[in-house]
Number of protein chains: 2
Amino acid sequence: MNDSAEPGLTARAEQTRSAIVEAALRLFRERGYDAATMRAIAGAAGVSTGNAYYYFSSKEDLIQEFYLRSHADHAAACRDLLDREDEFSARLRGTVRSLIDVLNPYHAFAAAFYKNAAEPTSPLSPFSKESSAAREASIALYREVMAGSSARIDRGLRAELPELLWLYSLGVVLFWVYDTSPDRVRTYRLIDATVPLVDRLISLARMPVLRGTVRELVALIHELRN
Amino acid sequence: MNDSAEPGLTARAEQTRSAIVEAALRLFRERGYDAATMRAIAGAAGVSTGNAYYYFSSKEDLIQEFYLRSHADHAAACRDLLDREDEFSARLRGTVRSLIDVLNPYHAFAAAFYKNAAEPTSPLSPFSKESSAAREASIALYREVMAGSSARIDRGLRAELPELLWLYSLGVVLFWVYDTSPDRVRTYRLIDATVPLVDRLISLARMPVLRGTVRELVALIHELRN
DNA sequence: GCCCAGACTTGAACGTGTTCAGGTTATGAG
DNA sequence: CTCATAACCTGAACACGTTCAAGTCTGGGC
């Protein structure tokens, strides 16, 4: 049983679907998003153009597949660290660094499609309903980063921190998209420099000076979520 | 002397250019970005499709015009407040609220084009070279918000705060893009709730507990800017 | 007045993502 | 085995953004 199989598809259809995904991701990686035309993808998969639209309602839809695989790779890449390490900084740093490791081969491609992700009505937006499964999975990873650590965290903050850390990782990815340095070293430097800041802010959140502000921030998050 | 005139264009050509811009912004507002086709824009302006490309190298290029007008409108909308008020919170709150006021008629349209803005290689990106003039102008506005206020601000932070406030406004705009509440009331609520937090954080930045973190943050900004 | 260089304008044509009317194939009921 | 139904598949066609070879107009030098 192939657990990536979709319901309602015969074995042969599933094979066709996979061929299209493989062709798409390969061409995205090799040629970039724009140059990987639907005709080229369909051709490389050995099907007609129209048939690709039988399985994927749009070119953007193919990117959801990229999301899913990226997250799976990321979760796998973190596994060892999250099982072994218990210091918060090291857990967060390793998790975010491995996210960048996983995304790096797709840098040119990702730059092109993150523009679609910013469109709020697009199903590709990280905030959209269609992406909620992928988003929840990512947030769960940061919940594990927090929960498995020895750090003492403000009680009111605990419920919101995973989502805030996920937002932090989105910020890092945004920086990475714009990063033109060799091997994206500046992104890794950004991570190494900001993780201690995050760590310190979380510690400070328990102190009297900041506790009030943190409480307001949490209340704000609640209100805006409705 | 029309100060919006471009160099190297005859009066008649300038008139054609203006007609295209007017038609574009009107159709963007009335139909949205996608439905306002280049053929429709050119037709509404009374010129051929190809002629529109003589003045604007792409459809995205027409959006730069939107940027320019928006900023001019925003600066004008803030003028009174910035000349009158001297309390930091009120200045920041009023400035960001008036930004949303200015953008509101274009909400549906803006949602569609902000996706292009997120593409780092796109000239529309707020971080791109092509947008640097508009960006500098916006940052200058927040420099004025800071400089004209009576707030005491950490010496090391002063140089970076205008850019940080601009980033804050980008965050508000991002929220606004996703805001589906009637009249975007949630965006205004977000502003009213976050401005005091920003104000408090700026105050706290001068206190010993946070001063070190702020210094590191400023150093990080410097390093990442190169 | 004449003419030409260059500013301006045109519309057909290209390649793209996407659609669709219509074909082909597999499956299960009789 | 028959055949109807649904799943699967096709490629021509559509509208779009964009390009370009070819036209028209205009100002200024003679």
Side-chain angles (χ1 to χ4, degrees), chain A residues 5-21 23-25 27-28 31-66 109 112-113 115-117 119 121-124, chain B residues 5-21 23-25 27-28 30-66 109 112-113 115-117 119 121-124 130:
Chain A
E6 302 285 314
L9 291 183
T10 67
R12 194 166 68 82
E14 177 56 33
Q15 209 172 328
T16 306
R17 204 193 114 96
S18 286
I20 295 169
V21 173
L25 293 190
L27 291 180
F28 284 158
R31 305 187 193 175
Y33 183 73
D34 286 343
T37 69
M38 287 301 278
R39 286 166 181 78
I41 291 168
V47 301
S48 70
T49 318
N51 196 15
Y53 282 88
Y54 181 77
Y55 292 97
F56 301 93
S57 65
S58 69
K59 191 176 179 182
E60 294 191 353
D61 211 31
L62 278 166
I63 294 180
Q64 289 284 4
E65 220 63 30
F66 170 77
F109 156 51
F113 89 71
K115 81 170 180 187
N116 304 31
E119 154 80 24
T121 63
S122 158
L124 289 180
Chain B
E6 301 285 314
L9 291 184
T10 67
R12 195 164 68 79
E14 175 56 33
Q15 211 173 326
T16 306
R17 204 192 114 96
S18 285
I20 295 169
V21 173
L25 292 190
L27 290 180
F28 283 157
E30 291 175 3
R31 305 187 192 176
Y33 183 74
D34 285 343
T37 69
M38 286 302 276
R39 285 167 180 78
I41 291 169
V47 300
S48 70
T49 317
N51 195 206
Y53 282 89
Y54 181 77
Y55 292 97
F56 301 94
S57 65
S58 69
K59 191 176 180 182
E60 294 191 354
D61 211 32
L62 277 166
I63 294 181
Q64 287 287 2
E65 219 64 30
F66 170 76
F109 156 51
F113 90 72
K115 81 171 181 187
N116 304 32
E119 153 80 24
T121 64
S122 158
L124 289 181
E130 287 81 354

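In what follows, every chain begins at residue 1, and chains take the letters A, B, ... in the order their sequences are listed.
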*Asks:* Tell me which nucleotide among C/dT19, D/dG17, C/dC8 gets nearest to the side chain of B/Y53.
*Replies:*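 Out of C/dT19, D/dG17, C/dC8, the nucleotide with an atom closest to B/Y53's side chain is D/dG17.
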*Asks:* Which pair of non-hydrogen atoms, one from B/S58 and one from B/Y53, has the smallest distance, and what is that distance?
*Replies:*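 Taking B/S58 first and B/Y53 second, the nearest heavy atoms are CA-CE2, 4.0 Å.
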*Asks:* Aromatic rings A/F28 and A/F109: how do their planes relate, parallel, tilted or perpendicular, breaks at 30° and 60°?
*Replies:* parallel
*Asks:* To the nearest angstrom, how far is A/I63 atom CD1 from C/dG17 atom P?
*Replies:* 12 Å
*Asks:* Taking only side-chain nitrogens and oxygens of A/T16, does any of them come within less than 4.0 Å of OP1 or OP2 of D/dC9?
*Replies:* yes
*Asks:* Check the distance between D/dG17's P and B/D61's CG and give it to me in whole angstrom.
*Replies:*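 Interatomic distance, CG of B/D61 to P of D/dG17: 14 Å.
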*Asks:* Specify the separation, in whole Å, of atom CD of A/E14 and atom C1' of D/dA7.
*Replies:* 14 Å
*Asks:* Could you check how far CD of B/E60 sits from C1' of D/dT18, rounded to whole Å?
*Replies:*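 Going from CD in B/E60 over to C1' in D/dT18 covers 12 Å.
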*Asks:* Would a 4.5 Å heavy-atom cut-off, applied to side chains only, mark B/Y54 and B/T16 as touching?
*Replies:* no
*Asks:* Mind listing the closest non-hydrogen atom pair of A/A36 and A/K59 along with its distance?
*Replies:*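 For A/A36 and A/K59, the tightest heavy-atom pair comes out as O-NZ, 3.1 Å.
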*Asks:* Not counting sequence neighbours, which residues clear side-chain contact (heavy atoms from CB on, under 4.5 Å) with A/F56? List them please.
*Replies:* A/R17, A/I20, A/V21, A/D61, A/L62, A/E65
*Asks:* Would you be so kind as to tabulate the donor-acceptor pairs closer than 3.5 Å made by side chains of residues 39-50 of chain B, with sequence neighbours excluded?
*Replies:*
from: B/S48; atom 1: OG; to: B/N51; atom 2: N; distance (Å): 3.2

*Asks:* Applying side-chain contact (heavy atoms from CB on, under 4.5 Å), can you list everything that pairs with A/Q15, at least two apart in sequence or on another chain?
*Replies:* none
*Asks:* Please pick, from D/dT18, C/dT18, D/dC8, the nucleotide with the shortest atom-to-atom distance to any side-chain atom of A/S58.
*Replies:* C/dT18
*Asks:* If you round to the nearest 0.5 Å, how far is OH of A/Y33 from CG of A/L27?
*Replies:*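 If I round to the nearest 0.5 Å, the distance is 13.0 Å.
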*Asks:* Hey, what are the protein-to-nucleotides 21-27 of chain D N/O distances that come in under 3.5 Å?
*Replies:*
none

*Asks:* Would you tabulate the nitrogen or oxygen pairs shorter than 3.5 Å linking the protein to nucleotides 10-16 of chain C?
*Replies:*
from: C/dT10; atom 1: OP2; to: B/S48; atom 2: N; distance (Å): 2.7
from: C/dT10; atom 1: OP2; to: B/S48; atom 2: OG; distance (Å): 3.1

*Asks:* Figure out the CZ/P separation between B/F56 and D/dT19, and round it to whole Å.
*Replies:*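 So the two atoms are 15 Å apart, to the nearest Å.
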